Amino acid sequence: MRIIESLEEMHAEAADIAARRAECGFVPTMGALHEGHLSLMERAVAENDVTVASVFVNPTQFMPGEDFDNYPRTWEEDLDAAEQAGVDIIFHPTAEQMYPPRAQTSVLVHTLTQGLCGMSRGQGHFRGVTTVVAKLFNLVRPTRAYFGQKDAQQALVIQRMVIDLNFNIEIIVCPIVREEDGLALSSRNRNIPPEYRDRALALREALVRGRNLIRDGQYDAFQLTNVMQEMVLQDPDIELDYLDIVSPETLEEVERVDDLVLIAGAMKIGGVRLIDNILVGPDGPWSD
Ligand code: AMP
């Protein structure tokens, strides 16, 4: 596995891949790799001639007061894990290279970023994400790029950006990988104090409850969100950022579950912010 740390080298490698007419799969990450990341990498390896994964803790997607400094960084372990997954190239640039002095250009997907995490973290979070992903796309020039359904809003925002900015890149969204008890894998899980770990499941349990209620015929979004939010809020140590039922295409809140909906939530426990979601409609699916 090759490690590329300079933009010049990445540009040259991308040109070489293109000259060979090889198909390139790309998995952008912020490192602290876990099985969720590895599932994306393994799929990229299976579907492409060359797989590039980036490890870059992007400062511009962290809002003031968020956990940029405490974000887990496990570079040596990440190298081993990516190599095991079959990744060919790890791209690991510095923030100084990625953001030249006096940079003043950004990419913002306007409407899809207004609700959910855009409301609780601010649209600036997604501005940071789309800006860095657009830059990474220009550097890596992939055929396909792989994102996780865990960050459902992010995946949708990236899909919109790719269409709107005419990137010739196929976006592939991969299923959420979970711990045995159902907690969605996240780099931030490492930061959950052990005494809070069990209660970190509250959001997942509320989402599953919502899905079960839909299976039982409750389609009223207001009733459903009330039940789910109350479940999470029973624990005074949990701060619920949001728990909404939205259209999986527009992310606008729905009144009734007439079709497939995205039930998405974010909460903080023990100083760690966690997100999760479920896609479900009147005909299921009833498990994930
Ligand atoms: P991150 O390093 O958190 O920026 O995540 C990099 C990519 O991995 C994103 O596309 C995430 O959606 C994806 N990802 C993170 N956690 C999971 C998970 N539990 N299952 C599937 N994909 C995930």
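One-based numbering, in listed order, for ligands and for the atoms of each. Every value quoted in this text rests on a predicted model; they were computed, and no experiment measured them. Along the sequence shown, residues carry numbers from 1.
With respect to the salt-bridge test (charged N to carboxylate O, under 4.0 angstrom), the residues Arg199 and Glu205 do not qualify.
Chaining together hydrophobic side chains whose heavy atoms lie under 4.5 Å apart leaves Ile163 on its own.
Ligand 1 is surrounded by Pro28, Thr29, Met30, His34, Gly36, His37, Leu40, Tyr71, Phe147, Gly148, Lys150, Asp151, Gln154, Pro175, Ile176, Val177, Leu185, each with at least one heavy atom closer than 4.0 Å.
Seen from the ring of Phe68, Arg73 counts as a face-on cation partner, given the 6.0 Å and 45° thresholds.
Applying the ring-ring contact (aromatic ring centres under 6.0 Å, His included) rule to pairs touching residues 82-134 yields Trp75-His92, sequence neighbours excluded. For residues 163-177, every residue pair satisfying the salt bridge (Lys or Arg N to Asp or Glu O under 4.0 Å) rule, not counting sequence neighbours, is listed here: Arg144-Glu170, Arg160-Asp164.
Test Leu213, Ile214, Val280 against Val257 for side chain to side chain contact (heavy atoms under 4.5 Å, CB included) and you get one pass: Ile214.
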